[in-house]
A.B. asks: 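Can you keep this structure in mind? I'll have questions shortly.
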Amino acid sequence: MANVVQNLSQAAERKAFSVLIDQFLKHREKAEDREKFYLQVLDFAQTFYGKAAKPETLEAIRKAIEDPNNRWFKYINKVIDETDPHYARTMLLNLGYQAFYRGTKEIRANREKYHCNIPWLILFDPTSACNMHCVGCWSGTYGAKHNLSFEDMDRIVTQGKQLGTYLYLMTGGEPMVRWNDIRKLAEKHNDCFFAMFSNSTLITEEVCKEVVRLGNITYFLSIEGTPETNDSRRGQGHYDAVMKAMDLLKKYGIVFGTSICYTKANIEAVTDEKFLRFIASKGARYGFYFHFMPVGNNAVPELMPTPEQRKMIIDKIRYYRSPECDLEFYPMDFQNDGEYVGGCIAGGRNYFHINSSGDAEPCVFIHFSNANIHEKSILECLQSPLFMAYHEGQPFNRNQLRPCPMLENPKLLREMVKATGAHQTNEESPEEVEHLCAKCDDYAAKWAPVADEIWASETHKKPSYSNYTKEKNEHPELAGFEHADGTEKVDLDPEYIKAEF
């Protein structure tokens, strides 16, 4: 009976939010109507989160909404203006209401209920097949060896929703190889939002029409700077394929972003302001930067950026997100934005990975596991020994510019894998933990003093919710939240706002 009442309440709440979105889209030409909508959403959030929503944060957001020159609301308005109305409606409803609002509340309750990490998003590989062979990529040599069936993917999403997870990302391989099953999945679970990390080569006019109809799919397109820096790693003609895909997605009003792996060879090209302004002009509005990881036996450790290069990318990305910059693109740095998400987000703390064989891995870069979805439920995977080691061990470093148990703290990954008896899951060729971590030891040692110097020079914010064990939540000093001047800074970095809620 309780579940029936909860479902009815959620349906009514979703309907109310849907009506609010419809009214907004109908009158979105008027600036005063937009401001009214944003304020209504803010009031909705305040009611929904209650005491968890800090008054100073809400007031800062309110002032930003009322400021016609605020950079981030001008950015949001631009995204809405250029997006297909039906697509915008579904995205706002599924990503905004279902994932951010409703999902967050359910996830937090289930973390308390099950005493383990419950993720905000799940990343899975529909297939190991890929039509490209990028230098240094572990998955490019897998071939079409493994696939998740439609029933596997459906079960992942169904069980994830029961825990409060409504956002699903796909990688591989190239997920678009399984386009027919993916669109079927998106249609069945039309209350979720799906995103694909794609090489762009299989995005066609017909695909775009279907994405608009469904409204709950987006893309992260792989690109690495200039035609020369991109094609030298990804193959001749790939850059042109990305440009074509961007033009199609922009034409159909589909929101999309980029996925950029930065290496020693391309880091200057992919962080150049001209490059970012160019991809913004092509319609890309956000993007992830990923530090090159020396994963797999075919990895090229020499491609890892130097400490000086990594410091440079931190400075550049933070400038691009500052009020001093008017770039219409929001970059996120998976490795260097640890402060905004409390360090490592893997092991189900905010996300985990399921490979195309069904192995539940703590991270897309950590190919070790104790559990497989063909044998265990999603919840049982999250309660497996390796995942619980993550739960107990996070954060892995007081300095959240050194968040990863592999790249910056390789001793810890060695210890967790050995203590839990996790087996390797690399689908190309076996790679034991000692072989993987040995490639990171020298890098970690060289990055540590640079990272510590940067960290010590800054004032750090203590989030109101960090999703650590109860002891670390009650005693944040154990989790490394240090305040240089004893104050808490309120700003409008979207990552910080998300952490606050």
A.B. asks: Looking at D247 and K250, is any side-chain nitrogen of the basic one under 4.0 Å from a carboxylate oxygen of the acidic one?
C.D. replies: no
A.B. asks: With a 6.0 Å cut-off on ring centres, are F197 and F220 close enough?
C.D. replies: yes
A.B. asks: Give me the one residue out of Y320, W72, Y75, Y286 that meets ring pair (Phe, Tyr, Trp, His ring centres under 6.0 Å) with Y330.
C.D. replies: W72
A.B. asks: Given 3.5 Å as the limit, does a donor-acceptor pair link the side chain of N77 with the main chain of F73, or not?
C.D. replies: yes
A.B. asks: Considering only NZ, NE, NH1 and NH2 on the basic side and carboxylate oxygens on the acidic side, decide whether E328 and K74 come within less than 4.0 Å.
C.D. replies: no
A.B. asks: Indicate the atoms forming the closest heavy-atom contact of N117 with F387, along with that distance.
C.D. replies: ND2-O, 4.4 Å
A.B. asks: How long is the gap from CE on M176 to CG on N199, to the nearest 0.5 Å?
C.D. replies: 9.5 Å
A.B. asks: Salt bridge between R178 and D181, side-chain N to carboxylate O under 4.0 Å?
C.D. replies: yes
A.B. asks: Thinking salt bridges, do E106 and K161 make one under a 4.0 Å N-O criterion?
C.D. replies: no
A.B. asks: Is a side-chain donor or acceptor of N372 paired with a backbone partner of H374 at a separation under 3.5 angstrom?
C.D. replies: yes
A.B. asks: Would you say the side-chain atoms of N355 pair up with the backbone N or O of G358, donor to acceptor, closer than 3.5 Å?
C.D. replies: yes
A.B. asks: Are T425 and H367 close enough, and set up right, to give a side chain to side chain donor-acceptor pair (under 3.5 Å), and what steps lead you there?
C.D. replies: CA-CA 5 Å; T425 55; H367 295 171; 5.3 Å; no
A.B. asks: Examine the side chains of T127 and N147 and answer whether a donor and an acceptor come within less than 3.5 Å of each other.
C.D. replies: yes
A.B. asks: Under the rule for side-chain contact (heavy atoms from CB on, under 4.5 Å), what residues qualify as partners of T83, not counting sequence neighbours?
C.D. replies: V79, Y87, A88, V255
A.B. asks: Answer yes or no: is there an ion pair linking R34 with D81, defined by an N-O contact shorter than 4.0 Å?
C.D. replies: yes
A.B. asks: Considering residues at least two apart in sequence or located in another chain, which fulfil the side-chain hydrogen bond (donor to acceptor under 3.5 Å, both in side chains) criterion with T258?
C.D. replies: none
A.B. asks: Can a salt bridge be assigned to the pair K209 and E205 using a cut-off of 4.0 Å between side-chain N and carboxylate O?
C.D. replies: no
A.B. asks: Looking at P323, is its backbone amide N or carbonyl O close enough to the side chain of R71 to form a donor-acceptor pair, meaning the two atoms are under 3.5 Å apart?
C.D. replies: no
A.B. asks: As a quick check of understanding, evaluate ring-ring contact (aromatic ring centres under 6.0 Å, His included) for F124 and H353, giving each step before the final call.
C.D. replies: CA-CA 5 Å; F124 63 88; H353 177 240; 9.1 Å; no
A.B. asks: Could you check whether R321 pairs with D337 (Lys NZ or Arg NE/NH1/NH2 to Asp/Glu carboxylate O, under 4.0 Å)?
C.D. replies: yes
